[in-house]
Amino acid sequence: MLGKLFKTVIGSKNERELKKLAPIIIKINELEPLFKGLSDEQLKGKTGEFKQRIANGESLDDILPEAYAAVREVSVRVLGMRHFDVQLLGGIVLHRGNIAEMKTGEGKTLAATLPLYLNALLEHGSHLVTVNDYLAKRDAEWMGGIYQFLGLSVGVIVHDMDDQKRKAAYNSDITYGTNNEFGFDYLRDNMKYSFEDCVQRDLHFAIVDEVDSILVDESRTPLIISGPIERSQDPFYATVKPSIMKLKEHQDRVIRSILNKAQTLMGEENDDDKVIELLLQVKRGSPKNPRFLDIIAQDPGLKKGIDRMESLMRSQKSLPALDEELFCIIEEQDHSANWTDKGLKLLSGDQYDAFIVPDLSQGLQEIESDPHLNFKEKKKRKRELEAKYSETSERMHAAQQLIKAYWLFNKDVDYVVKDGQVIIVDEFTGRLMPGRRWSDGLHQAIEAKEGVNVADENQTLATITFQNYFRMYEKLAGMTGTADTEAPEFKKIYDLDVFVIPTHKKMIRKDFPDVIYKTEREKFKAVSEEINDLHKKGQPVLVGTISIEKSEMLSTMLRKTGIKHQVLNAKNHEREAEIIAQAGQNGTVTISTNMAGRGTDIVLGAGVPDLGGLHILGTARHESRRIDNQLRGRSGRQGDQGSSRFYLSLEDDLMRVFGSERIASVMDRLGMEEDQPIEHQIISRAIEGAQKRVEGINFNIRKNLLEYDDVMNQQRKVIYSQRREILKGENLKETIMDMINELIEAAVLDATDPKIFPEEWNLSPLSDYIYNVFGLLFQFSSKESKDLTQEILIDTLKQQVIDLYEKKEQEADPESFLFLQKIAMLRAIDDLWMDHLLGMDQLKEGVGLRGYGQMDPLKEYQKEGYGMFVSMVEGMKENTLRTLFRIRVAPQEKPAIGVPKKEIVLSHGGDGGSSPVKRKTPKVGRNDPCPCGSGKKYKHCCGR
Ligand code: ADP
Ligand code: MG
């Protein structure tokens, strides 16, 4: 048995690594008779016995063989399923904190019970992360019997659950739930005002199911908790829109005339290079122009020429000259848009610097070193400069997002407009995603474009990427049918190794090479004929499409030919699972967008194996090979019969945008006739090459998001751990004392100059400040002033403030005083941290705009982000102390500071790795009452 098992393992390193595990599997198998002989009671007793041995110093690895043997035996008794050897192997790989690639249908759900049980013995909790609530519930119920038999508790976290139930589920030994719920609970816990309200325990061990979907596809956008803000300024989308429309009009006119020129020249067939140059201009100015796409589709060689010329000109830095005629440039590959000088002129109109950001650090330096300005004037000038900076970046940002909205996002493909709302069409599943919004202002830009109400922007209250959430687990593992193509990313980002686990039975699915047509119309005609043929035989077909639009188009075609079929676009996972579960029955035709129904088992109907099993028909290649493999993997599970084939056309996005020169030249060489497909190994390889390139680009997007989030991550860790400490009420007084000391030292050093005589020190700003923060008046007589030193000043002030503190402490009821300190600190942290999140967003945008100088935007972001963090921490101290010293606590009465109630929005979505939802600074009016609660006007208080 084992010999066979280990021979089928592919890849030599993989094989060597897995071979090392063979002795463990042999051991588990040897234990089997022993465990079979145990009574139910004895088997149940194993859990306590294992825990005792751990307490006596044995490691999980020591216990593993027996624990796995126990789980296997319980599974046989409870579920009637005996873990296959490959499942034991997967279970070991998972326990060791790796990714187990186990094909669809191999039984990952059951394999995971082994390491979940083993690791739960440590009593810190084991988490199993699924892609949706339906699977979380299903798997927890299905596998729950095993754990309960062994005396462990199981919990499920689903969307609409209150904190009490959540807490209970997290306190269970094993917890099932979705990535979103786990992530949001973490963020929400860090916004709580009492430690008892926190639901999560420390993050100990997690297995992520469908790990590629969660850690790769979904990790392009962060989780965001946001709340509405009052709008204090025009968000620019509506005001900039007319300029962008004008820009588009002008650009369209230029593009039209370039296209005319190109087509005339093509008719004359003389100057090929000139034609290519013209078409390259069109590509850069309007990559999705229908006329342009037509021309390219007619002559695949052109695309090759255009791409070649573009990279040549890029390396010679002559693209700017080519772009001169245009108003803006769209780089479809990396989803970016920018205007040319000509465009800038048109956009700015008579306000020449409306779209040029001032250089902030240089400007601030100039103000600082200007000898003609006094302190107050400097402060004012700085504030003005910052306001101008943020206004201009906002305006530029809105313009860029609008350009993307007009040039790259198509109604009814990328989004639909329904009931005055712009609804995203999910890129991976093709389903509508109501409530989800593109981040970074893109959604607002599209709303402005479509003329619907531009929704209020939200303020980010908390945010984290999946990468950084999952990296917090002490031990992380993952499983999926398709991980190997992403192995380098898993290694680099999560330090997870991928192990390819052999299948239980030999895989016999036949994967036919791709066929490729010239046009999409021809392709779909062929697809529908193929479905017809298979359907006549009774063989079930699962058709994969890349969008709802294509699903529906195909459905219409099939309806005309009278073929009964199911279209998978149910909004509910359970219904979806029901449909997909039937996909292997005799004569079924199922049309599904590519990820729909992940995790559902497709069992073949009677007689279907003799017809060749389930046939998978892909109607386009996805950007990522992994997603194609996922579709293919639906067939041929557990040694089933099956086959698969992809149909492509030169008009597919992947071919158009990323198709290599090779494809075009092969097509040229072979010649293409109407309705004549080409099926060629070279083409399949070339397509794979194109996919690899896109995967590379997408990896970079995710890496980029992570690099920026890493800066935040350090800060988030500091703030959250501080917050937790405060929540637990640990060392409160000490922390406050430290704050007092540090604040006073800094203030005195700032206000005095040891190089001049003490009697010449102007101490009035200092005493104003001290009064403002502590409500303490201090004065020195002129006699005292003569002998002053910085040390004396610091010590005197500290003593007076501490006296004041202790007086407060004695007067107040101890519990209230503790509560007051806690709230003062938490509120200062939360207010400033949320402002800081916003500031970091703006900074990210700002450095991005500065990027075309010589500076590395990431480095700038790190440097300035650190500076902002330090000054935020200063602000936190000041705000905490101000609240603490300014509020009088009546004995036996809790201070009336509430937890800010906000209508909170949870979101996870975006346009590929941009920053979280952004908003304007929540500016407090200069004359408004100060938010710190001092009762003074803002300008006389914190806003000074
Ligand atoms: P995966 O998640 O790997 O795609 P599932 O966990 O959904 O696979 O399991 C697929 C099917 O295989 C299920 O119907 C399950 O009952 C069955 N199965 C898994 N392991 C075993 C086993 N050891 N013995 C019998 N059936 C099994
Ligand atoms: Mg599964």
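Ligands are counted one by one from 1 in listed order, and the atoms in each one are counted from 1 as well.
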| query | Any chance NZ of K27 has more than 12 other-residue heavy atoms, nucleotides or ligands included, within less than 6.0 Å? | reply | no

| request: May I ask you to decide if A168's main-chain N or O and S172's side chain share a donor-acceptor pair within less than 3.5 Å? | output: yes

| said: Would the distance check show the side chain of K475 and the main-chain N or O of H95 forming a donor-acceptor pair, the cut-off being under 3.5 Å? | reply: yes

| note | Those residues at least two apart in sequence (or on a different chain) that pass side chain to side chain contact (heavy atoms under 4.5 Å, CB included) with E695 are E486, S624, R625, Q691, K692

| By salt bridge (charged side-chain N to carboxylate O under 4.0 Å, His left out), which residues pair with D209, not counting sequence neighbours? | none

| request: Run through ligand 1 for me and note each protein residue having a heavy atom under 4.0 Å from it, chain first, then residue number. | output: M81, R82, H83, F84, Q87, K103, T104, G105, E106, G107, K108, T109, L110, W142, D601, R637, Q638

Give the table of side-chain donor-acceptor pairs shorter than 3.5 Å for residues 68-77, with sequence neighbours excluded, one pair per line with atom names and distance.
from	atom 1	to	atom 2	distance (Å)
Y68	OH	G91	O	2.9
R72	NE	H83	O	3.1
R72	NH1	N29	OD1	2.7
R72	NH1	E32	OE1	3.2
R72	NH2	N29	OD1	3.2
R72	NH2	H83	O	3.0
R72	NH2	D85	OD1	3.0
E73	OE1	K36	NZ	3.0
E73	OE2	R77	NE	2.8
E73	OE2	R77	NH2	3.3
S75	OG	M81	O	2.5
R77	NH1	L38	O	3.2
R77	NH1	D40	OD1	2.8
R77	NH2	F35	O	3.3
R77	NH2	K36	O	3.3
R77	NH2	L38	O	2.7

